[in-house]
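Sequential numbering from 1 along the given sequence is applied to the chain's residues. Every value quoted in this text rests on a predicted model; they were computed, and no experiment measured them. Whatever order the structure lists them in is the order used to number ligands and atoms, beginning at 1.
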Amino acid sequence: MLMEVFELNKYYKKSISLMSRDEELIMALSDVSFGIKHNEIVGIVGESGCGKSTLSRQLVKLENLTSGKIVFQGEDIKKFRGSKLKTFRKNCQVIFQDAMSSLNPSFTIRDILSEPLDNHYNLNRAEKHSIIKVMLERVRLKEIILDRFPKTLSGGERQRVNICRALLLEPKLLICDEIVSNLDVLAQASILQLLKELNREFKMSILFISHDIGVVKYICDRIMVMQAGKLVEVIDSRDGTYRITHPYTEQLFASLPVTHPDNRANNSILIYNHTDNQERSLR
Ligand SMILES: Nc1ncnc2c1ncn2[C@@H]1O[C@H](COP(=O)(O)OP(=O)(O)OP(=O)(O)O)[C@@H](O)[C@H]1O
Ligand SMILES: [Mg+2]
């Protein structure tokens, strides 16, 4: 296992009103446990507010856990400080939904892409340029954008810059938190295709988080379903069949648009009923 997560809990405190000191506890994550294998693309799907971004922040140690344990390559990340934390952050990259806010608007794309290389390696200008050039090509961006500013790029291009920046550090795990949600269908499809290729080529694990079951289903073999801070179901579809037991997962799958009958035949969705031990087809 590349990463293992044990019984994660995260509570936030929120003031009930401006006038009182009383606080309410928001249970953002509750008893979340799962593993990410080397070289796999695993998905997390769940509605808005179910705790997906809270989970991404915990996984890269951006916040302190309320309780639980996260193990990366056999080590508890809680202990990581200084250079160990720096190496962990290099190995474990996260990209968030809002492509613009993660790109400094006063930096050119060249500055943005040089920054991680400057932080982690000691390279001269020419060396940096040649590494950036190769990676830009890989994410299908033109070299000409290097002298432009983020606001002059399209949403899809900005998200490619974010992917490029993460890949420059050759991470072992890439966490994608709703990274295609602001894009149109064509831009979405090309980013998903790119992630699939990068996973094969760089042997990099990807945790792909989205509220959209259709998108997650396209890219992941294993899908974890999250509801109100809990993982309610894990579906493995490597044999082309989705075996569902939880009513919330059934709702998510039922909301998918019906595709062409030929496509439907390739992926069957079976719902397992615990009461009578029977399986039935969703459609
Ligand atoms: N810093 C915080 N302080 C207080 N509550 C928070 C904080 N961050 C998240 N929450 C709450 O935790 C819950 C989970 O939020 P989170 O952003 O993780 O959901 P999400 O699944 O990523 O939603 P979306 O799909 O809309 O991005 C929400 O109820 C949210 O209001
Ligand atoms: Mg979120």
Distance from [atom] to nearest protein heavy atom, with residue and atom:
atom	value
atom 25 (O) of ligand 1	Lys52 NZ, 2.8 Å
atom 4 (C) of ligand 1	Tyr12 CB, 3.4 Å
atom 12 (O) of ligand 1	Ala28 CB, 3.6 Å
atom 23 (O) of ligand 1	Gly49 N, 2.7 Å

Report task. Give a yes or no on whether a salt bridge exists between Lys14 and Glu23, defined as a side-chain N under 4.0 angstrom from a carboxylate O. Result -> no
Subset of ligand 1 atoms that lie under 4.0 Å from at least one heavy atom of [X]:
X	result
Arg57	8 (N), 9 (C)
Glu178	25 (O)
Ile26	5 (N)
Thr54	9 (C), 14 (C), 15 (O), 16 (P), 18 (O)

Query raised in the report: Quick one: does atom 6 (C) of ligand 1 have a protein heavy atom under 4.0 Å from it?
Result: yes
Starting at [atom1] of [X], measure out to [atom2] of [Y] and round the result to the nearest 0.5 Å.
X	Y	atom1	atom2	answer
Leu231	Ser33	CG	OG	8.0 Å
Gln193	Leu198	CD	CG	10.0 Å
Ile235	Lys217	CD1	NZ	10.0 Å

Query - N/O/S from Ser53 sitting under 2.8 Å away from the Mg ion (ligand 2) - result: yes
Requested in this report: Please work out which of the three classes, parallel, tilted or perpendicular, describes the rings of Phe88 and Phe72, given edges at 30° and 60°.
Outcome: perpendicular
Query raised in the report: Short N/O distance, under 3.5 Å, between Ser48 and ligand 1?
Result: yes
Can you tell me if [X] contacts ligand 1 (heavy atom of the residue under 4.0 Å from the ligand)?
X	answer
Cys50	yes
Lys14	no
Lys13	no

Query raised in the report: Hey, are the side chains of Gln93 and Leu173 touching, using non-hydrogen atoms and a 4.5 Å cut-off?
Result: no
Query raised in the report: Can Lys196 be said to sit on top of Tyr218's aromatic six-ring, NZ or CZ under 6.0 Å from centre and within 45° of the ring axis?
Result: yes
Query - His129 versus Glu143, side-chain donor and acceptor atoms under 3.5 Å - result: yes
Requested in this report: Could you give me the CA-CA distance, side-chain angles and deciding distance for Arg160 and Ser190, then say whether side-chain hydrogen bond (donor to acceptor under 3.5 Å, both in side chains) is met?
Outcome: CA-CA 10 Å; Arg160 281 169 196 275; Ser190 71; 2.6 Å; yes
**Report entry** side-chain hydrogen bond (donor to acceptor under 3.5 Å, both in side chains) evaluation trace for Asn9 with Ser67
**Finding:** CA-CA 5 Å; Asn9 286 294; Ser67 68; 3.1 Å; yes
Query raised in the report: Heavy atoms only: which of Ser210, Ala228, Ser53 is nearest to atom 17 (O) of ligand 1?
Result: Ser53
Report summary line: Quick look: Glu24 vs ligand 1, heavy-atom contacts under 4.0 Å, and the answer is neither
